[in-house]
Participant: 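Just passing along the structure, written as structure tokens.
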Protein chains: 2
Amino acid sequence: MDKDISIAVIKRLPRYYRYLGDLLEHGVTRISSNDLARRMNLTASQIRQDLNKFGCFGQQGYGYNVELLYEEIKSILGLERTYNLIIIGGGNLGQTLANYGNFQKRGFRFTAIFDKNPRLIGLNIRGLEILDVATLDNYLKTNSVDIAVLALPKTNVAEVLPSLIENGISGIWNFSHVDLKTPESITVENVHLTDSLLTLSYRLSQNEKGRKANGDTDHS
Amino acid sequence: MDKDISIAVIKRLPRYYRYLGDLLEHGVTRISSNDLARRMNLTASQIRQDLNKFGCFGQQGYGYNVELLYEEIKSILGLERTYNLIIIGGGNLGQTLANYGNFQKRGFRFTAIFDKNPRLIGLNIRGLEILDVATLDNYLKTNSVDIAVLALPKTNVAEVLPSLIENGISGIWNFSHVDLKTPESITVENVHLTDSLLTLSYRLSQNEKGRKANGDTDHS
DNA sequence: AAAAGAATGTATAATATTGTTACGAATAAA
DNA sequence: TTTATTCGTAACAATATTATACATTCTTTT
């Protein structure tokens with residue numbers, strides 16, 4: 001049984017994966033936790049602890065074999081299989097995601113796009129025709145879909161969510177600005193762009209305040 | 001001097017803001033921490049503690065005035081001013097962001113888009129002409145820009161980052177799949193879509209494993 | 001083949017964060 | 001005026017995260 005891994009560790013995994021991929025591309029074959037820590041701006045011990053949660057991938061006196069570690073993390077991340085994704089919402093965002101090659105490269109295959117806007121239905125995006133969302137339920141019943149990407153206005157989410165739940169979708173990549181109520185069996189990953197932007201503006205205004213305070217008063 | 005607020009609290013702020021906005025739209029004028037907690041799936045005491053970090057916005061025996069609290073959080077998030085943003089990278093993602101009305105509505109004004117691709121330069125996106133990135137430096141020197149949105153391939157980031165730093169940009173909303181090296185004075189907010197998707201696939205494959213384990217062996 | 005050096009794995013300690021409980025004080029409502 | 005409500009806040013408990021330290025194991029060198 002896997003000990004439960006904390007979210008913080010999980011969130012670092014893609015970053016490890018990215019750095020190892022870069023190293024691999026540059027022909028680096030081995031790396032120590034120390035060296036990697038310096039590059040990633042982490043501590044060596046944290047890296048060792050993180051990786052050790054999943055297994056003993058290194059070797060004392062040697063370090064980590066870059067390719068091996070890369071493959072291990074790939075496996076941990078569940079990237080040794082492919083996933084079928086559908087995009088719900090054929091607007092700008094949905095089209096952008098469908099067009100983005102990097103996802104496909106890693107095994108995430110977009111198999112359909114849905115919208116309810118007659119002006120979008122029929123449009124061809126990277127070889128994918130935008131389908132009428134009215135056919136979504138039927139599509140789910142007759143095709144194997146792993147992940148649904150919600151790229152539609154929040155007001156329309158309620159129209160499609162029941163169908164996704166009933167048809168046993170595994171994961172939802174949610175770009176809509178709502179909190180989804182889903183059964184536990186469904187894994188939801190939220191990307192709330194607005195929240196991200198507000199976080200940025202919060203931090204900006206904090207900096208602003210800090211600078212002002214420093215300018216106004218002289219704490220010496 | 002502000003006590004330093006933990007990231008977890010900050011990340012919850014936009015969510016409070018969203019819920020309060022919804023309440024406001026529905027004509028709710030007052031709300032208790034208890035009620036809000038039920039809606040947001042938090043505990044009442046956590047809400048009270050979170051909000052109390054920024055001030056005493058509630059009233060004993062009454063609860064919180066929705067509009068007042070909404071305005072307070074708006075102010076905390078730094079949304080009482082407007083921000084000028086430029087988008088660097090006029091591809092799909094850049095165009096999508098420029099087209100997304102919700103940002104503008106909250107005071108984030110896109111003032112320019114840059115790209116180096118001659119086929120994109122000159123294109124008109126929502127009234128914004130895509131400009132040659134060669135003119136970026138000059139643009140920064142002659143216009144007031146608060147936030148740069150990086151929506152370009154990671155291999156091209158190095159070409160524009162120095163100019164942004166030199167010209168004293170305040171914030172970067174980074175959609176490029178790299179870790180930026182910037183001076184402390186610049187606030188960086190990362191949106192790594194690939195990382196988000198990999199996190200999802202990790203969790204999916206964990207579920208998968210769990211289900212298999214439950215099916216294969218009978219721990220009774 | 002042995003000794004020295006390097007670097008992991010992991011236990012333990014320290015810190016930070018998050019959540020809970022509790023209750024006085026202020027307010028609203030009856 | 002009395003009772004019920006609900007916040008603000010302190011104190012505590014539980015988690016989670018990060019840092020420290022070192023024995024162990026492997027590599028490298030001589």
Side-chain angles (χ1 to χ4, degrees), chain A residues 1-16 19-20 23 28-73 76 199 202-203 206, chain B residues 1-16 19-20 23 28-73 76 199 202-203 206:
Chain A
M1 185 98 27
D2 262 349
K3 318 136 202 173
D4 39 342
I5 312 290
S6 76
I7 323 154
V9 177
I10 294 167
K11 291 245 166 114
R12 278 196 288 272
L13 285 178
R15 196 151 166 265
Y16 287 127
Y19 273 81
L20 288 165
L23 288 172
V28 180
T29 56
R30 65 182 263 192
I31 192 147
S32 68
S33 59
N34 240 297
D35 193 356
L36 189 57
R38 201 168 340 104
R39 289 165 195 260
M40 294 187 65
N41 210 22
L42 298 169
T43 64
S45 92
Q46 182 170 42
I47 290 180
R48 291 204 298 276
Q49 275 187 69
D50 281 356
L51 298 178
N52 193 242
K53 294 234 159 83
F54 302 98
C56 301
F57 307 132
Q59 219 160 25
Q60 284 98 327
Y62 178 86
Y64 296 88
N65 176 306
V66 174
E67 188 173 0
L68 191 128
L69 186 56
Y70 181 77
E71 292 301 326
E72 287 288 356
I73 295 184
I76 292 165
T199 305
Y202 168 83
R203 292 197 282 146
Q206 286 308 106
Chain B
M1 186 98 26
D2 263 350
K3 319 134 201 171
D4 39 343
I5 313 289
S6 76
I7 323 154
V9 177
I10 294 167
K11 291 245 166 116
R12 276 196 289 271
L13 285 178
R15 197 152 165 263
Y16 287 128
Y19 272 83
L20 289 165
L23 288 171
V28 180
T29 56
R30 65 181 264 194
I31 191 145
S32 68
S33 57
N34 240 298
D35 193 356
L36 189 57
R38 200 166 343 102
R39 290 165 195 261
M40 295 186 65
N41 210 21
L42 297 170
T43 66
S45 94
Q46 181 170 43
I47 290 180
R48 291 204 298 275
Q49 275 186 62
D50 280 356
L51 298 178
N52 192 243
K53 293 235 160 83
F54 302 97
C56 300
F57 307 131
Q59 218 161 26
Q60 285 98 326
Y62 178 85
Y64 297 88
N65 177 307
V66 174
E67 186 172 0
L68 191 128
L69 186 55
Y70 181 77
E71 290 302 326
E72 286 289 354
I73 295 184
I76 292 165
T199 305
Y202 168 83
R203 292 197 282 145
Q206 286 308 106

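Note on naming: letters A, B, ... go to the chains in the order of the sequence lines (proteins, then strands), and numbering restarts at 1 for each one. Predicted, not measured: the structure shown is a model, and the values here were computed from it.
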Participant: Taking the side chain as everything from C-beta on, heavy atoms only, tell me whether Ile31(A) gets closer than 4.5 Å to Arg39(A).
Facilitator: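 Yes - at least one pair of side-chain heavy atoms lies under 4.5 Å apart.
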Participant: Going by heavy atoms in the side chains, are Leu69(A) and Tyr16(A) under 4.5 Å from each other?
Facilitator: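 They are not in contact (no side-chain heavy atoms under 4.5 Å apart), so the answer is no.
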Participant: Base, sugar-phosphate alone, or nothing: which one does Ala44(A) contact when heavy atoms must sit under 4.0 Å apart?
Facilitator: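 Nothing: the residue Ala44(A), judged by heavy atoms under 4.0 Å, touches no strand.
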Participant: Mind running side chain to side chain contact (heavy atoms under 4.5 Å, CB included) on Gln46(A) and Arg12(A) for me, showing each step along the way?
Facilitator: CA-CA 11 Å; Gln46(A) 182 170 42; Arg12(A) 278 196 288 272; 3.1 Å; yes
Participant: In this structure, how many angstroms lie between the C1' atom of dT17(D) and the CD1 atom of Ile5(A), rounded?
Facilitator: 14 Å
Participant: Does dA6(C) have its OP1 or OP2 closer than 4.0 Å to a side-chain nitrogen or oxygen of Tyr64(A)?
Facilitator: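 No, no such contact exists.
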Participant: Take the protein atom CD1 of Ile31(A) and the nucleotide atom C1' of dA6(C), then report the distance between them rounded to whole Å.
Facilitator: 15 Å
Participant: Taking for each residue the nucleotide of DNA chain C with the nearest heavy atom, is it Gly61(A) or Ser45(A) whose nucleotide lies nearer the 5' end?
Facilitator: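 Looking at the nearest nucleotide for each, Gly61(A) comes out on the 5' side.
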Participant: Can you tell which of dA19(D), dT8(C), dA26(C) lies closest to the side chain of Thr43(A)?
Facilitator: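 Nearest listed nucleotide: dA19(D).
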Participant: Hey, which sits more toward the 5' end of DNA chain D by its nearest nucleotide, Tyr62(A) or Ala8(A)?
Facilitator: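 Its nearest nucleotide being more 5', the pick is Ala8(A).
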Participant: Name the residue closer to the 5' end of DNA chain D, choosing between Asn34(B) and Arg30(A) according to the nucleotide with the nearest heavy atom.
Facilitator: Asn34(B)
Participant: Is the closest side-chain heavy-atom distance between Leu36(A) and Leu23(A) below 4.5 Å?
Facilitator: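 Yes; the side chains approach each other to less than 4.5 Å.
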Participant: Give a yes/no on whether any side-chain N or O of Ser6(A) is located under 4.0 angstrom from OP1 or OP2 of dT15(D).
Facilitator: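 No, outside the criterion.
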Participant: Between Phe57(A) (CZ) and dC26(D) (C1'), how many Å, whole number?
Facilitator: 18 Å
Participant: When you measure only distances, ignoring hydrogens and angles, does the side chain of Gln49(B) come within 3.5 Å of the base of dT20(C) through a donor and an acceptor?
Facilitator: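 Pair found.
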Participant: Is the closest side-chain heavy-atom distance between Tyr64(B) and Arg48(B) below 4.5 Å?
Facilitator: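 They are in contact (side-chain heavy atoms under 4.5 Å apart), so the answer is yes.
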Participant: Send over the distance from Asp50(B) CG to dT9(D) P, rounded to a whole Å.
Facilitator: 14 Å
Participant: Indicate whether OP1 or OP2 belonging to dT18(D) is found under 4.0 Å from a side-chain N or O atom of Arg12(A).
Facilitator: yes
Participant: Output yes when at least one side-chain N/O atom of Arg48(B) is less than 4.0 Å from OP1 or OP2 of dC23(C), else no.
Facilitator: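 Indeed not, no polar side-chain atom of Arg48(B) lies that close.
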Participant: Would you kindly give the NZ-to-P distance between Lys11(B) and dT17(C), to the nearest whole Å?
Facilitator: 13 Å
Participant: Expressed in angstrom and rounded to an integer, what is the separation of Ile7(B) atom CD1 from dT17(D) atom C1'?
Facilitator: 11 Å
Participant: Could you tell me whether the phosphate oxygens of dT6(D), OP1 or OP2, come under 4.0 Å of any side-chain nitrogen or oxygen in Ser33(B)?
Facilitator: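 No, no such contact exists.
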Participant: Asn52(A) has an atom CG; how far is it from atom P of dA21(D), in whole Å?
Facilitator: 20 Å
Participant: As a test of reading the structure: which of dG8(D), dC26(D), dA16(D) is closest to the side chain of Gln59(A), going by heavy atoms?
Facilitator: dC26(D)
Participant: What integer distance in Å separates Gln60(A):CD from dC26(D):C1'?
Facilitator: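 Rounded to the whole Å, the gap is 6 Å.
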